[in-house]
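One structure is given below, encoded as structure tokens.
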Amino acid sequence: MLLRPIAAFATALLASWPVALAVTPVLILQRRESRLRLAWGWLPAVLLAIAFAIPARRMPPEWGEPQVVRVDAWVASRPRTRGKSTRAWVQVERLSREAGASVAGDWRGRRLLLRARSPLPPFGGRCRVSGVLRPGRGPRNFFGYDERTHIAAHAAVGVLDAASVETLAGWRGPAWRRELVEPLRTRIVERLHATLAAREAGVLAALLVGVRDGVEREVAASWRALGISHLLAISGMHVGLVAGAVLLWAGPPRRRRGLALLLGALGAYVLLGGCGPSVVRAGIMAAWGAVAAYLGRMRRPLPILIGAVSLLLLESPERRHDLGLQLSALATCGILVWARPLMHLTRRLARWGPGGRATAWLVLGAGVSLAAQCATFPLLLLRFGAIPWSAPVANWCLVPLANSALVLALAGLPLQLLSDTLGRPLWLVAGALLHAAIEIGERATLHVDPRLYVETHPASILLAIVVAAALLGAGLCLGIRRRTAVALISLALVAACMLVLDARQPAQPSWRVEALDVGQGDALLLTLRDRVWLIDAGDLRPVDQGSSTIVPHLRRLGIRRLCGLLLSHPHRDHYGGAASVLGAVAVDTLYVARASLAANAYREVFDSAPAVPVRGVAAGDRIHLAPGYVARVLWPDASDSPQSGANAVSLVVWARGARYPDLLAMGDLEADGEAALLSRWRRDLESAGAEFLILKAGHHGSDTSSTPPLLDAADAELALVSVGRRNRYGHPSERTLTALRTRHVHVLRTDQDGAARLQLRGTTLWVERPGARPSVLESYVADSNCN
């Protein structure tokens with residue numbers, strides 16, 4: 001009885017093991033019902049466990065520092081252009097060393113992320129690149145972009161920053177994709193941009209063929225905030241629309257003609273969508289389900305999801321790091337679990353007449369969105385620290401518009417490829433629908449942030465897991481064990497309420513200092529329980545650090561109000577992001593040095609938030625940061641003027657209190673200013689006897705600041721150096737670093753390991769860096785003599 005399926009499996013295994021795994025469900029579906037239940041329920045779970053147990057096969061060779069190399073490679077993906085930068089995945093053919101460089105390991109056939117400022121060849125094209133080869137970097141800021149995980153998810157081993165790119169003769173890669181699929185995708189995108197406005201064309205290209213290069217940042221940000229960014233990545237919804245259109249035209253897959261047309265259409269759309277993990281997963285599920293329906297064995301769809309994800313992970317174990325695949329699989333799981341209860345509810349509502357059918361449509365749309373949102377709840381909280389509470393409403397309002405636009409675009413696609421005029425009307429209507437969706441999304445997020453921010457501590461993650469697990473369990477129990485389902489839903493509601501209360505009143509530390517990585521600039525965040533202060537706000541060019549780094553960081557921490565924003569001096573690398581911070585977060589008072597209060601450079605900052613009061617401070621003034629913690633202004637005097645340079649009137653504050661470490665923020669004050677400051681405050685600094693003093697090194701650690709007299713007077717235990725990687729100024733200087741090391745000062749630099757966080761937990765001072773485990777700096781004993 002088992003001889004025939006064993007022979008079939010062995011034959012498929014000789015072809016390749018993915019083929020053997022693909023035919024396994026067909027063999028299972030041919031067994032008797034009793035055996036079907038056992039194998040259908042357990043085999044996908046076993047496959048998934050095996051997939052997660054397989055280690056990543058493309059491990060990078062042992063290498064450390066960046067190397068200057070010359071690489072011959074072929075482009076293994078469609079180049080993506082964003083601003084002046086172009087990125088693509090490339091496959092190494094040959095890697096040669098430049099003079100004096102050393103690269104270990106065999107690099108032939110390895111995958112790299114190529115970043116260049118010049119055009120790259122299309123998919124399959126060969127090129128010779130001279131540049132810097134380096135490992136992927138971890139996040140530069142807390143909750144920031146993790147380049148290391150991103151390239152690992154694509155089975156890549158490093159990043160190649162190109163200095164020059166030369167196109168070579170010849171082609172590589174699959175001919176069918178190089179000569180058919182990619183030119184077709186490029187042609188479709190060009191036709192879209194020739195027919196529609198740039199904004200609508202970019203979004204429709206993402207919906208139709210998965211090309212996201214033209215999606216404007218503002219549109220992507222607003223849709224991400226609303227919880228509908230899944231529309232911009234081809235996944236199960238898009239594949240479902242294609243499958244539904246084919247079924248309407250060709251009939252159900254229980255007939256061979258319908259099955260063949262459906263499988264052919266699914267394969268074509270997966271290729272057209274770029275063969276990303278999410279669209280491949282959706283295509284496998286749809287094809288698997290179609291075969292099961294054809295054989296009359298369609299029982300439970302959830303094992304199909306597990307089997308599809310298992311096949312993807314078995315083919316490429318590195319995909320386990322792909323956040324898009326993780327979110328797509330979890331969202332699909334939630335939808336499949338709640339599909340039957342939602343359909344049962346909508347059928348009952350539809351019996352009440354036209355009003356009931358309208359209600360059923362609303363309930364179905366909101367229910368599907370909630371099911372997907374609940375399943376992805378823990379992962380969203382862990383990776384983004386925010387939950388889009390508006391997602392059900394946004395999906396109910398905007399997803400029908402996007403789906404209608406996609407259907408019209410798909411219907412007009414073959415006509416448009418035949419002639420520029422045949423499909424134009426359908427594409428114009430699709431563009432109008434997308435224009436409405438884009439406008440609604442931007443207006444909805446203009447004045448209200450539709451996200452709920454929760455600090456990602458272990459308790460909040462545990463509550464999120466409880467919510468997701470309880471709701472998924474309730475979906476499985478509905479109709480079978482109603483009491484259990486009700487109990488699980490109640491548990492989920494209680495956990496969700498606790499999470500919401502935690503979001504409204506985030507647990508703030510008693511004392512925390514964070515030096516954010518804002519490149520060649522400064523941004524120092526000081527948190528004292530529920531009082532938060534920001535010293536400087538980074539630069540505006542080439543990236544607005546206020547909107548790209550500081551504001552997202554504040555929101556991830558649940559900070560909605562700043563007690564004060566202190567701008568040290570009118571240099572753009574210190575005040576450039578202030579306008580974005582003032583526009584996004586409530587600020588009680590803006591503090592600047594009285595000597596630079598009339599600086600023209602501050603005009604744009606003051607004009608951006610006219611309602612925020614501005615206070616000029618000078619040496620001798622005090623700023624009450626929190627009960628028992630006061631900042632004394634040490635520099636500049638009120639009579640000073642910035643004629644000798646803005647650095648000369650840089651604001652210097654000394655914060656200290658009875659229960660917390662001291663903080664001495666030097667701004668960009670240079671040697672002359674430090675000497676003048678010490679002539680007045682040396683005795684105070686030396687007699688303070690601070691238990692632990694943190695020095696924010698002046699002028700990014702340059703050799704014009706942090707002079708030996710200042711270091712001797714401050715007697716700091718730790719120095720924060722905020723500086724950009726590979727900056728053209730040579731900061732920090734070796735002289736300054738040597739002076740700090742000889743005085744046994746622990747140095748934390750933002751150019752090496754990104755942001756730095758110092759946090760007081762009880763009587764222990766901890767230091768944290770992005771992507772690394774917290775470590776104990778020392779046990780801190782409160783000094784009751786601080787004043």
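Excluded from the calculations below are hydrogen atoms, water molecules and symmetry mates; all remaining heavy atoms, backbone and side chain alike, are included. Residue numbers start at 1 and run along the sequence shown.
- Between L208 and V189 the shortest side-chain heavy-atom distance does not fall below 4.5 Å.
- Going from atom OG of S229 over to atom CZ of R212 covers 7.0 Å, rounded to the nearest 0.5 Å.
- By the 4.5 Å heavy-atom criterion applied to side chains, Y269 and L410 are counted as neighbours.
- Scanning both residues, A402 and L231, for their nearest heavy atoms gives CB-CD1, 3.8 Å.
- Formation of a donor-acceptor pair under 3.5 Å by the Q91 side chain with backbone atoms of G109 is found in this model.
- Atom CH2 in W89 sits 5.0 Å away from atom NE2 in H154 (nearest 0.5 Å).
- When all heavy atoms of I489 and A474 are compared, the pair lying nearest together is CG1-CB, 3.5 Å.
- Atoms CG and CG, from L342 and L370 in turn, are 9.0 Å apart once rounded to the nearest 0.5 Å.
- Shown here for A88 and V75, the closest heavy-atom pair between the two residues is CB-CG1, 4.0 Å.
- With rounding to the nearest 0.5 angstrom, the CD atom of E182 is 9.5 Å from the CG atom of L272.
- The pair R78-D213 counts as a salt bridge, with a side-chain nitrogen and a carboxylate oxygen less than 4.0 angstrom apart.
- Smallest separation of non-hydrogen atoms from A495 and V467: CB-CG2, 3.5 Å.
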Practice problem: Run the numbers on V466 and L491 for side-chain contact (heavy atoms from CB on, under 4.5 Å), then give the verdict. | Solution: CA-CA 8 Å; V466 169; L491 175 63; 4.0 Å; yes

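- In this structure, R140 is not positioned above the aromatic face of Y145 in the sense of NZ or CZ being under 6.0 Å from the six-membered ring centre and within 45° of the axis.
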Practice problem: Could you go through the side-chain contact (heavy atoms from CB on, under 4.5 Å) check for Q373 and L380 one step at a time? | Solution: CA-CA 9 Å; Q373 204 73 28; L380 286 173; 3.5 Å; yes

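- Within the 4.5 Å cutoff, no side-chain heavy atoms of V90 are placed close to those of R111.
- Put simply, the side chain of W338 does not reach to within 4.5 Å of the side chain of C333, judged on heavy atoms.
- Between E147 and R134, some side-chain heavy-atom pair lies under the 4.5 Å cut-off.
- Put simply, the side chain of R178 gets close to the backbone of R172: a donor and an acceptor are under 3.5 Å apart.
- For the atom pair CD1 (I284) and CG (L266), the distance works out to 11.5 Å, reported to the nearest 0.5 Å.
- Of all non-hydrogen atoms in V239 and A286, the two that sit nearest each other are CG1-CB, 4.0 Å.
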Quiz prompt | Stepwise side-chain contact (heavy atoms from CB on, under 4.5 Å) check, W176 with L271 | solution = CA-CA 10 Å; W176 55 267; L271 295 177; 3.3 Å; yes

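- Considering only heavy atoms from C-beta on, T186 stays 4.5 Å or farther from P122 through its side chain.
- For the 3.5 Å distance criterion, the side chains of R115 and T86 fail to qualify, holding no donor opposite an acceptor.
- Going from atom CG of L160 over to atom CG of L113 covers 9.0 Å, rounded to the nearest 0.5 Å.
- Counting heavy atoms from C-beta on, the side chains of R281 and T332 come closer than 4.5 Å.
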Exercise. Would you check, one step at a time, whether the test side-chain contact (heavy atoms from CB on, under 4.5 Å) holds for L471 with F377?
Key: CA-CA 11 Å; L471 288 177; F377 195 27; over 6 Å; no

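- When side chains are defined from C-beta on, L114 counts as touching L120, because their heavy atoms get closer than 4.5 Å.
- Closest approach of L381 to S460, counting heavy atoms only: CD2-O, 3.5 Å.
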